[in-house]
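Throughout, numbering of the chain's residues begins at 1 and tracks the sequence.
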Amino acid sequence: KEDRPDDEKRHLRDALAIDGDAFEPAGRLLMLGVVTADRSSTTLALRRARAIAPLHPIALAGQALALKTQGKTSRAKTLAQAAAKRLEGAEGPADTFVAVAIAAADTGDPAAAKLMAKRALE
């Protein structure tokens with residue numbers, strides 16, 4: 001899986017085509033889209049994740065990254081901080097912590113980025 005992200009992304013897109021309300025494939029595709037700089041996958045996954053669970057940390061992180069690219073840095077930072085705050089003391093998949101770490105780093109919060117990256121490895 002980890003050495004063939006394009007294959008995994010294709011399978012996740014197929015899963016979303018079958019069940020567009022499934023959060024797990026949307027979240028995983030969002031993280032993979034972000035880390036592989038695949039705008040198409042990121043856009044699709046973010047749209048689905050926000051429709052299903054707009055306040056989920058990975059959806060907030062994805063939205064923060066999208067807003068940052070639009071130059072809306074203040075709102076992006078607010079959403080990235082909200083995503084990190086929702087993960088304080090929480091358990092969850094590494095994908096979520098990775099996306100939140102990237103959003104924190106991209107919006108200028110290296111301390112949160114480092115903490116979320118560390119949590120992703122736990």
### Task
Can you measure from CG (Leu60) to CG (Leu46) and round to the nearest 0.5 angstrom?
10.0 Å

#### Entry: Between CG on residue Asp38 and CG on residue Leu30, distance to nearest 0.5 Å
11.0 Å

### Message
Could you report the tightest heavy-atom contact between Ser41 and Lys9, atom names first, then the distance?
### Response
OG-CD, 3.7 Å

### Joint cluster assignment, Ile58 & Leu87, ILVMFWY side-chain distance < 4.5 Å
no

### Message
If hydrophobic clusters are built from ILVMFWY residues whose side chains come within less than 4.5 Å, do Val34 and Ile52 share one?
### Response
yes

### Message
As an exercise, state the distance from CD of Glu91 to CD of Glu122, rounded to the nearest 0.5 Å.
### Response
8.0 Å

### Query
Which distance, rounded to the nearest 0.5 Å, do you find between the CG of Asp95 and the CG of Leu32?
6.5 Å

### Message
Between Thr42 and Gly33 (side chain of the first, backbone of the second, donor and acceptor by atom type, cut-off under 3.5 Å), is there such a pair?
### Response
yes

### Task
Measure the spacing between CD of Gln70 and CZ of Arg75 and express it to the nearest 0.5 Å.
12.0 Å

### Message
side chain to side chain donor-acceptor pair (under 3.5 Å) for Arg39 and Thr69? Distances and angles first, verdict last.
### Response
CA-CA 11 Å; Arg39 188 178 204 152; Thr69 64; 5.0 Å; no

### Contact summary for Arg119 and Gly89, nearest pair of heavy atoms
NH1-N, 3.9 Å

### Task
Drop me the distance from Glu88's CD to Leu115's CG, to the nearest 0.5 angstrom.
8.0 Å

### Chi angles and distances behind the side chain to side chain contact (heavy atoms under 4.5 Å, CB included) call for His56, Thr96
CA-CA 9 Å; His56 190 283; Thr96 300; 3.6 Å; yes

